[in-house]
Amino acid sequence: MPRVKVKRNNPSLDMTPMVDLFFLLVTFFMLTATAREEEVVIVDTPSSVSEIKLPDANVITLTVDKNDRVFFGVDGQQTKKALLDKMASKYGVSFDEKESKTFSLLSNFGVPVNQLKSYLAMDGTERKNVNQPGIPLDSTNNQLRDWILETRKLNQKVVIAIKGDVDVSYSTVQKVIETLQDQKVNRFNLVTDMEARPKSL
């Protein structure tokens, strides 16, 4: 008697729910991600074995490049807008809504307050290519002190980090630290690159 052949069906898997889930996740990440403008100056930081990390928010970053220029950066768009208003009233400069919006999107900058209006009027590519002189920190015109002071008035939880180039002159970093100490800021972070710890024998 011949054997009865059982008809085999190929298993099928409906991928529609998987594709829906994938697109939901992609949409979620796109909507929650925050765009950040790239920094105006690239700094080669010294190496260190410290593993202390900076917080993700409430950070003032003071960047010092190898040409001894100082750049100021702070996070939070609303903080930046309020900070610009405070500095505008302090220095007798006015900024319109468009300039305030542009300033709130900057990651950092390095121009004196009297040149800030023309700097904000530039488009993105012009701002990248312009040679910024750095924020003044002379004893007669220490605008860096005012930027730090007004930011700390707006947000008392703010943490200060100095990101200095490996080739920066010691005197410039010393001026930045003295500016902080004049405001009774004796705790700040130095941003460094991670270095592999030496293996113990």
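Computed from a predicted model, the values in this text were never measured in an experiment. In what follows, residues are counted from 1 in the order of the sequence shown.
- The closest side-chain donor-acceptor pair between Thr125 and Asp123 falls under 3.5 angstrom.
- Rounding to the nearest 0.5 Å gives a distance of 10.5 Å between CG of Asp167 and CG of Asp65.
- Ile162 pairs in a side chain to side chain contact (heavy atoms under 4.5 Å, CB included) with only one of the listed residues (Val191, Ile60, Leu180), which is Leu180.
- Under the 4.5 Å side-chain criterion, counting only non-hydrogen atoms from C-beta, Arg152 is in contact with Val185.
- Side-chain contact between Leu137 and Val176: present, with at least one pair of heavy atoms (C-beta onward) separated by less than 4.5 Å.
- Contact check for Asp56 versus Asp75: no side-chain heavy atoms found under the 4.5 Å cut-off.
- Side-chain contact between Ile160 and Asn189: absent, with no pair of heavy atoms (C-beta onward) separated by less than 4.5 Å.
- Phe109 places a side-chain heavy atom less than 4.5 Å from the side chain of Leu116.
- No path of Ile, Leu, Val, Met, Phe, Trp and Tyr side chains, each step under 4.5 Å between heavy atoms, connects Phe103 with Leu149, placing them in separate hydrophobic clusters.
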Does Asn131 form a side chain to side chain contact (heavy atoms under 4.5 Å, CB included) with Arg69? I'd like the steps, not just the answer. CA-CA 11 Å; Asn131 186 18; Arg69 297 177 301 170; 2.8 Å; yes
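- Nearest heavy-atom pair across Asn155 and Asn58 is ND2-OD1, 2.8 Å.
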With side chain to side chain contact (heavy atoms under 4.5 Å, CB included) as the criterion, how do Thr61 and Phe71 come out once you've worked through the C-alpha distance, each side chain's angles and the decisive distance to 0.1 Å? CA-CA 8 Å; Thr61 307; Phe71 296 80; over 6 Å; no
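- Salt bridge present: Lys90 and Asp146 bring a charged side-chain N and a carboxylate O closer than 4.0 Å.
- For Glu126, the CD atom counts as densely surrounded, since its 6.0 Å shell holds more than 12 non-hydrogen atoms of other residues, nucleotides or ligands.
- With a 4.5 Å cut-off on side-chain heavy atoms, Lys81 and Glu97 count as touching.
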Step-by-step side chain to side chain contact (heavy atoms under 4.5 Å, CB included) determination, Phe72 to Ile148: CA-CA 9 Å; Phe72 179 87; Ile148 296 168; 4.2 Å; yes
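- Side chains of Leu106 and Tyr119 form a contact here, defined as non-hydrogen atoms less than 4.5 Å apart.
- With contacts defined as side-chain heavy-atom distances shorter than 4.5 Å, the pair Tyr91/Gln143 qualifies.
- Electrostatic pairing of Glu178 and Lys175 does not count as a salt bridge here, judged by no charged N lying under 4.0 Å from a carboxylate O.
- In Lys86, the NZ atom is not crowded: 12 or fewer heavy atoms of neighbouring residues, nucleotides or ligands sit closer than 6.0 Å.
- Under the 4.5 Å side-chain heavy-atom criterion for grouping Ile, Leu, Val, Met, Phe, Trp and Tyr, Val173 is connected to Leu62 within one hydrophobic cluster.
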Evaluate Glu150 against Leu83 for side chain to side chain contact (heavy atoms under 4.5 Å, CB included), listing each step before the verdict. CA-CA 6 Å; Glu150 295 301 332; Leu83 176 59; 3.5 Å; yes
